[in-house]
Number of protein chains: 2
Amino acid sequence: MIFESTRSLSASLEDYLQAIFWTVAAKGAARAKDIARQLGVKASSVTGALQTLAEKKFVHYQPYEAITLTAEGFDEAARVAQRHFIVREFFVRVLGLDEAVADKEACRMEHCVGDDVAERLATLMEFVKAHPEMQSGVSQLLAERDHSDGMPASVRRGPVTVADLRSGQKAVIVAVRSGAALARRLVDMGLGRGALVEVEGVAPTGDPIRVKIRGYQLALRRTEAAAISVVGK
Amino acid sequence: MIFESTRSLSASLEDYLQAIFWTVAAKGAARAKDIARQLGVKASSVTGALQTLAEKKFVHYQPYEAITLTAEGFDEAARVAQRHFIVREFFVRVLGLDEAVADKEACRMEHCVGDDVAERLATLMEFVKAHPEMQSGVSQLLAERDHSDGMPASVRRGPVTVADLRSGQKAVIVAVRSGAALARRLVDMGLGRGALVEVEGVAPTGDPIRVKIRGYQLALRRTEAAAISVVGK
DNA sequence: TGACGAAGTTAGGCACGCCTAATAATATTA
DNA sequence: TAATATTATTAGGCGTGCCTAACTTCGTCA
């Protein structure tokens with residue numbers, strides 16, 4: 001892993017802590033067996049994880065005895081669980097994702113979402129709850145997009161085009177809608193898939209968009225810009 | 001790592017692919033040196049990663065020669081970059097996060113967000129762009145919450161209370177607002193931090209909330225429920 | 001009490017992903 | 001062209017986190 005984890009625990013240890021947290025809440029204490037079953041690992045892996053968690057003072061652990069959380073362990077586990085919950089609720093209530101899918105996605109996200117993002121997501125959800133018209137507007141737009149069709153994402157037109165970029169942003173071209181007059185113009189310049197575009201300026205009305213591609217300066221009309229699917233940086 | 005990665009590449013290899021993607025876009029080809037500098041790793045680590053990526057047919061790699069992406073490598077890199085971009089834009093434009101912070105968070109998220117979530121986020125952003133009143137409403141609420149104050153998240157009242165739960169959901173109590181008459185009632189029952197609550201039913205008006213705690217059945221008024229900070233499951 | 005089975009632990013192996021140190025290939029410059 | 005500097009590769013080591021296999025501890029029941 002390259003990205004610096006500002007967290008005190010690895011994703012894996014967070015998972016162990018979660019399993020202990022929920023088991024302790026339900027039964028008063030956790031046994032290695034429970035944890036192994038929940039996480040789908042062997043008992044020996046649990047022992048190893050418990051030793052590490054005990055070293056870090058997150059669990060009370062004596063060999064062969066039931067496991068409980070320390071105060072710090074409880075706090076840490078609660079933070080992770082909170083992130084999981086907020087992310088899942090956001091997926092379900094705002095993005096309209098299926099419950100089961102949302103929960104699985106949240107299992108991955110709980111390890112990488114920062115607390116600041118989680119809090120802001122919670123605030124956003126509060127806003128959405130207070131404004132149901134927005135909720136319905138979003139779900140309508142989602143339905144139009146028909147996310148559940150069988151088409152692979154790579155076939156559908158990408159969600160980002162040059163028209164979505166802000167001044168100063170860079171992007172890589174992934175497709176140019178064929179048939180557009182622009183397509184020929186760009187191809188004539190030897191451009192296309194893989195080329196880097198840089199937005200130099202956008203007029204206040206959003207219409208002429210000045211871009212730089214491979215040293216060339218171009219002015220694109222909004223409709224032309226919207227025909228160029230890109231991946232932004 | 002316990003959570004099953006449905007991805008074809010590890011987070012680490014995705015990072016290498018990203019570095020190659022942007023370098024190739026800017027300069028036509030990448031050298032190991034560039035990649036090492038961008039990712040903050042040693043050259044020998046780059047060689048190892050390149051060999052793995054070449055095995056998986058994501059890069060064209062011959063020892064001592066410049067590196068380019070295969071068609072599959074380009075597609076994969078573009079997908080990751082797209083996720084990064086959409087997540088960052090969401091953080092900045094909807095959650096009002098600082099650009100630099102958003103970018104760093106997105107670096108972590110790009111590896112765990114599913115394509116379905118990314119697409120839905122893009123759709124949500126489209127909606128927000130078309131409804132600026134929502135944008136401003138959210139930022140106002142965010143400002144009220146004052147996310148930038150110095151208080152640690154653990155001190156502020158948690159964002160989720162029993163009143164936020166839906167029927168059937170479970171949660172763990174993390175705090176009961178002192179002063180509430182309910183606090184005594186719960187403490188008398190031996191409850192508090194760490195106890196499991198289960199919502200059995202919510203009246204249509206949302207007012208009496210029936211919950212089960214440690215076998216006891218309770219009916220809570222909405223104001224009481226809102227005094228119990230929990231972590232939902 | 002002593003034997004048995006379940007639960008838990010230790011020891012050792014493997015894959016990943018980073019590192020350092022030594023070596024090899026390529027570029028640059030005299 | 002030869003010496004040197006830069007860049008890249010190999011070899012071997014270390015931490016993490018999983019595994020299997022062998023062993024220990026604990027609780028139960030005859």
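Every chain is numbered from 1 and lettered A, B, ... according to where its sequence line falls, protein lines coming before strand lines. Predicted, not measured: the structure shown is a model, and the values here were computed from it.
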- Message: Does A:S12 contact D:dT16 through a side-chain donor or acceptor facing the base, at a distance under 3.5 Å?
- Response: no
- Can you tell me if the side-chain N/O atoms of B:Y16 get under 4.0 Å from OP1 or OP2 in C:dC18? yes
- Task: Please tell me which of B:Y61 and A:L13 maps to the more 5' nucleotide of DNA chain D, matching each residue to the nucleotide holding its nearest heavy atom.
- Result: B:Y61
- Message: Mind checking if A:T52 touches a base, just sugar-phosphate, or nothing, with heavy atoms under 4.0 Å?
- Response: nothing
- Got a salt bridge between A:R7 and A:D115, using NZ or NE/NH1/NH2 to carboxylate O under 4.0 Å? no
- Message: By the 4.0 Å heavy-atom rule, please label A:A32 as base, sugar-phosphate, or nothing.
- Response: sugar-phosphate
- Given DNA chain C, 5'-ward residue of the pair B:R31 and B:A43, judged by closest heavy atom: B:A43
- Task: By nearest nucleotide on DNA chain D, pick out whichever of A:S45 and A:P63 is the more 5' one.
- Result: A:S45
- Message: What contact category does A:Q62 fall into here, base, sugar-phosphate, or nothing, at under 4.0 angstrom with non-hydrogen atoms?
- Response: nothing
- Message: Strictly below 4.0 Å, N to O, side chains only: are A:E14 and A:R83 in salt-bridge contact?
- Response: yes
- Query: Considering only C:dG8, C:dT20, D:dG17, which nucleotide approaches the side chain of A:T47 most closely?
  - Reply: C:dG8
- Task: Answer yes or no: are there more than 12 heavy-atom neighbours, outside B:K57 itself, under 6.0 Å from its atom NZ?
- Result: no
- is_close_aromatic(A:F90, B:F90), centroid dist under 6.0 Å: yes
